[in-house]
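To start, the structure under review is shown below, and the notes come after it.
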There are 2 protein chains.
Amino acid sequence: MKTIQHIAREISASGLKVTPQRVAVMQALHKLNHPRAEEIFNEVSGSIPGLSPTTVYNVLDILAGKGMIKKVKTDSGVMRYDAVSDHHHHMYCIDTDRVEDFFDPELDMILQNYFQKKKIEGFKLEDIKLQLMGKFDESEKSKSI
Amino acid sequence: MKTIQHIAREISASGLKVTPQRVAVMQALHKLNHPRAEEIFNEVSGSIPGLSPTTVYNVLDILAGKGMIKKVKTDSGVMRYDAVSDHHHHMYCIDTDRVEDFFDPELDMILQNYFQKKKIEGFKLEDIKLQLMGKFDESEKSKSI
DNA sequence: TTCCTAAAATGGAATAATTACAAATTAGAA
DNA sequence: TTCTAATTTGTAATTATTCCATTTTAGGAA
Ligand SMILES: [Mn+2]
Ligand SMILES: [Mn+2]
Ligand SMILES: [Zn+2]
Ligand SMILES: [Zn+2]
């Protein structure tokens with residue numbers, strides 16, 4: 001678990017001022033699973049009275065711009081945010097809006113090799129994101145929220 | 001190129017009434033490259049005076065529901081639509097909003113084999129979509145729009 | 001053919017997520 | 001402690017999309 005100090009240092013290291021709003025948003029991101037801006041606002045507004053939704057959007061945008069967090073696009077059209085900024089993929093539930101991380105360096109290697117041999121003409125590939133669509137086991141449902 | 005008759009037959013075969021609006025939307029989809037609803041409206045409203053934007057959304061939703069077209073989510077958050085309903089992936093330009101189709105049965109096979117061996121616990125994988133992020137060659141820029 | 005009706009289209013209003021912007025506040029450098 | 005650029009706030013605007021009541025129409029039945 002990341003401490004407030006660690007988060008504060010991360011923010012500062014990105015050349016940003018350390019504000020309670022930014023720290024709290026980062027904490028909420030680490031606590032929640034690919035939350036929407038509104039969920040972050042609900043989580044954070046408890047500890048930061050008078051927090052504005054606009055601030056949440058601002059903070060998320062700025063943190064994403066610095067590469068500290070990632071934006072995750074879902075099929076419903078609502079933006080979701082990701083505390084994990086390292087390269088990874090996502091599993092999407094076909095029935096619900098559940099999203100889970102998927103790390104697989106072996107697969108990444110396979111894909112990298114494949115596209116090293118087989119270039120796409122007219123396109124300079126820089127990153128590959130997999131959207132794994134499917135269903136989470138019923139027994140796992142509790143993890144969803 | 002698909003004829004109006006072909007399109008009409010497709011619509012009818014899906015159990016839908018054949019209306020000028022639906023045929024025109026399908027034609028626009030085949031003409032444009034992963035267009036937004038608004039682009040389709042602009043394209044179609046010329047031939048269908050009095051067309052309502054709502055109708056375009058309705059038609060797109062219904063065609064997508066029947067599997068005749070696909071919805072494509074982009075990072076900007078705007079929904080885009082795809083006349084190609086067969087399984088394929090997408091190349092996204094990092095700098096612009098250009099999206100192009102990517103077909104690769106060989107790669108699909110590799111992925112299928114990979115996930116046949118290496119199951120994901122707690123998740124029943126049904127479909128894999130690749131988002132290929134990168135840049136289209138400058139010389140290819142004319143193809144965008 | 002004409003009639004009928006469920007399906008579809010229309011248009012105006014509502015919603016949801018997000019953005020714009022001007023004024024107030026504040027982090028942190030000096 | 002002071003200062004100011006950076007940040008937050010709150011309200012209003014925007015954008016994409018959906019809702020819904022009303023009107024129109026496609027296509028089957030008579
Ligand atoms: Mn972090
Ligand atoms: Mn078609
Ligand atoms: Zn993630
Ligand atoms: Zn496509």
Side-chain angles (χ1 to χ4, degrees), chain A residues 4-5 7-26 28 34-66 68-69 71-81 97, chain B residues 4-5 7-26 28 34-66 68-69 71-81 97:
Chain A
I4 293 180
Q5 284 73 21
I7 290 172
R9 229 178 300 122
E10 273 188 327
I11 293 170
S12 197
S14 294
L16 299 172
K17 288 189 178 177
V18 178
T19 66
Q21 291 86 349
R22 284 171 179 172
V23 173
V25 165
M26 279 298 271
H34 301 99
R36 296 174 287 130
E38 194 207 0
E39 296 174 81
I40 295 169
F41 175 79
N42 292 336
E43 176 73 22
V44 172
S45 60
S47 56
I48 314 252
L51 176 71
S52 168
T54 305
T55 299
V56 175
Y57 282 105
N58 279 343
V59 168
L60 290 169
D61 237 40
I62 282 175
L63 297 180
K66 294 290 182 181
M68 297 174 66
I69 68 172
K71 295 188 175 192
V72 180
K73 181 67 41 169
T74 60
D75 270 343
S76 77
V78 198
M79 188 71 77
R80 301 180 67 163
Y81 298 86
D97 60 354
Chain B
I4 293 179
Q5 284 74 22
I7 291 172
R9 229 177 302 122
E10 272 187 328
I11 294 170
S12 196
S14 293
L16 299 172
K17 288 189 179 179
V18 179
T19 67
Q21 291 87 348
R22 284 172 178 173
V23 172
V25 165
M26 278 298 272
H34 301 100
R36 295 175 287 129
E38 194 206 0
E39 297 175 79
I40 295 169
F41 174 80
N42 291 338
E43 176 74 22
V44 171
S45 60
S47 56
I48 314 250
L51 175 71
S52 167
T54 305
T55 299
V56 174
Y57 282 105
N58 279 343
V59 168
L60 290 169
D61 237 39
I62 283 175
L63 296 181
K66 293 291 181 180
M68 298 173 65
I69 68 173
K71 296 187 174 192
V72 181
K73 181 65 43 170
T74 60
D75 271 343
S76 77
V78 198
M79 188 70 78
R80 301 180 67 163
Y81 297 87
D97 60 352

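Everything numeric here is computed off the predicted structure, so don't read it as measured data. Below, chains carry the letters A, B, ... as their sequence lines are ordered, and counting in each starts from 1.
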Can you tell me the distance, in whole Å, between the [atom1] atom of [X] and the [atom2] atom of [N]?
X: B:Leu60; N: C:dA8; atom1: CG; atom2: C1'; answer: 15 Å
X: B:Leu51; N: C:dG12; atom1: CG; atom2: P; answer: 14 Å
X: B:Phe41; N: D:dT17; atom1: CZ; atom2: C1'; answer: 14 Å
X: A:Arg80; N: C:dA17; atom1: CZ; atom2: P; answer: 12 Å
X: B:Ile11; N: C:dA7; atom1: CD1; atom2: P; answer: 17 Å
X: A:Asp61; N: D:dA6; atom1: CG; atom2: P; answer: 17 Å
X: A:Lys73; N: D:dA16; atom1: NZ; atom2: P; answer: 12 Å
X: B:Ile62; N: C:dA6; atom1: CD1; atom2: P; answer: 17 Å

Out of [options], which has the shortest distance to the side chain of [X]?
X: A:Met79; options: C:dT18, C:dG28, D:dG27; result: C:dT18
X: A:Ile48; options: C:dA9, C:dA17, D:dT9; result: D:dT9
X: B:Leu16; options: D:dG10, C:dT18, C:dA8; result: C:dA8
X: A:Lys17; options: C:dT10, D:dT7, D:dT8; result: D:dT7
X: B:Thr54; options: D:dC19, C:dC21, D:dT8; result: D:dC19
X: B:Arg22; options: C:dA9, C:dT10, D:dT7; result: C:dA9
X: B:Tyr57; options: D:dT17, C:dT18, D:dC20; result: D:dT17
X: A:Ala37; options: C:dT18, C:dA9, D:dT9; result: C:dT18

**OP:** Kindly say if B:Thr55 contacts the phosphate of C:dT10, meaning a side-chain N or O under 4.0 Å from OP1 or OP2.
**Re:** yes
**OP:** Give a yes/no on whether any side-chain N or O of A:Gln21 is located under 4.0 angstrom from OP1 or OP2 of C:dT26.
**Re:** no
**OP:** Can you measure from OG1 (B:Thr55) to CD1 (B:Ile48) and round to the nearest 0.5 angstrom?
**Re:** 9.5 Å
Which heavy-atom pair separates [X] from [Y] by the least distance, and what is that distance?
X: A:Leu51; Y: A:Phe41; result: O-CE1, 3.2 Å
X: A:Val44; Y: A:Ala28; result: CG2-CB, 3.6 Å
X: A:Pro35; Y: A:Ile40; result: CG-CG1, 3.6 Å

Original post:
Starting at the 5' end of DNA chain D, which residue's closest nucleotide do you reach first, A:Gly15 or B:Val18?
Top reply: A:Gly15
**OP:** By nearest nucleotide on DNA chain D, pick out whichever of A:Pro49 and B:Val78 is the more 5' one.
**Re:** A:Pro49
**OP:** Report yes or no: is there a donor-acceptor pair, N or O only, under 3.5 Å between the side chain of A:Thr19 and the base of D:dT8?
**Re:** no
Subject >> A:Leu63 and A:Lys66, any side-chain heavy atoms less than 4.5 Å apart >> reply: no
Original post:
Are any non-hydrogen side-chain atoms of A:His34 and A:Tyr81 less than 4.5 angstrom apart?
Top reply: no
**OP:** With DNA chain C as reference, determine whether A:Pro20 or A:Asn58 sits nearer its 5' end, using the nearest nucleotide of each.
**Re:** A:Asn58
